[in-house]
Every structure is written in structure tokens, then in C-alpha cells.
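The block underneath contains the structure these notes are about, expressed in C-alpha cells.
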Amino acid sequence: MTLRLSLQGRLLIERDGNVVALATHEAVALLAYLGVTARPQRCETLAGLLWPDADREGAMAALRRTLADVRDAIGAEMLTSDGQVLALDPGAVTVDVRRVRELL
């Protein structure tokens, strides 16, 4: 299974060659952030970044809902989480922005 994120120009998310649509801007932002950073991220940090005006409980609830949507769209096996930290499977994900960085 592979996931490809094209973030430069027109946004394109593909899983195994099929276009994936995400329902919210926050879901896209979550996936993009995890893909570009290419390292595990603390859930509290992600919630604060995506919902800065919400209180902690509200932001964490919104992250859980968004994460469920992302898992449904790209497949649960693409994400790892221990409840505190969240990451994309680095071996299964290619991101155009990271590729450009590598070439520079």
C-alpha cells in the first residue's frame, strides 16, 4: 500500500493510485503536516495547531473525529498512534515537498 501527497500546485492525495478525498480542511492539514514533517507528532501539539481557539478537550475531541475521517479515507494501516503520538508510515508515504527538499 502506498500513499502519495502532492501539495505543490493542485492538491492531490492518492492511495494505491486512486484519488482520495478528505471531508475537511483540517483533515487535509493533518495529513499534510504529518507527511511533510515525516516524524511522529504529539497529539496535543496537532490539536493545538489545528484548533487554536478551542479549549484542550474540544481540540482533542476534534482531532479524534478528524483522525477517524483520515483513517477511513487512507486506511488505518497508514497511521500509527499510541494515543499520545501520531505518525504516518514513512515507508509507505511519498510527499512531493519532501522530495524537493531532498533534491536541494
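Atoms considered below: every heavy atom in the structure, side chains included; atoms not considered: hydrogens, waters and symmetry mates.
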For [X] versus [Y], what's the shortest heavy-atom pair and its separation?
{"X": "Gly83", "Y": "Cys43", "answer": "O-SG, 4.0 Å"}
{"X": "Thr24", "Y": "Ala27", "answer": "OG1-N, 3.0 Å"}
{"X": "Gly35", "Y": "Leu88", "answer": "N-CD1, 3.6 Å"}

query = Linking Ile, Leu, Val, Met, Phe, Trp and Tyr through side-chain heavy atoms less than 4.5 Å apart, which residues share a cluster with Leu12?
reply =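 Answer for Leu12: Val19.
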ask   = With hydrophobic residues grouped by side-chain heavy-atom distances under 4.5 Å, do Val85 and Leu46 end up in a single group?
value =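 No, no single cluster joins them.
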Show every donor-acceptor pair shorter than 3.5 Å between a side-chain atom in residues 57-74 and any protein atom, with sequence neighbours excluded, or say none if there are none.
unit_1, atom_1, unit_2, atom_2, d
Thr66, OG1, Ala62, O, 2.9

ask   = From Leu3 CG over to Arg15 CZ, what is the distance, rounded to the nearest 0.5 angstrom?
value =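 Separation between the atoms: 8.5 Å.
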request  = Quick one: pull up CE in Met78 and CE in Met1 and give me the separation to the nearest 0.5 Å.
outcome  =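 The CE atom of Met78 sits 6.5 Å away from the CE atom of Met1.
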task = Determine yes or no for a side-chain-to-main-chain donor-acceptor pair under 3.5 angstrom, with Asp89 supplying the side chain and Leu79 the backbone.
result =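 Answer holds: no.
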task = Test Thr2 against Thr94 for side-chain contact (heavy atoms from CB on, under 4.5 Å), laying out the working first.
result = CA-CA 8 Å; Thr2 60; Thr94 60; over 6 Å; no
key: Distance-only side-chain donor-acceptor flag, Ser6 / Arg4, under 3.5 Å   =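 Yes, Arg4 and Ser6 have a side-chain donor paired with an acceptor closer than 3.5 Å.
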task = Kindly determine whether Leu34 and Leu86 satisfy side-chain contact (heavy atoms from CB on, under 4.5 Å), including the steps that lead there.
result = CA-CA 8 Å; Leu34 291 172; Leu86 180 63; 3.8 Å; yes
task = Apply side-chain contact (heavy atoms from CB on, under 4.5 Å) to Leu7 and Val36, showing your working.
result = CA-CA 9 Å; Leu7 304 174; Val36 170; 3.5 Å; yes
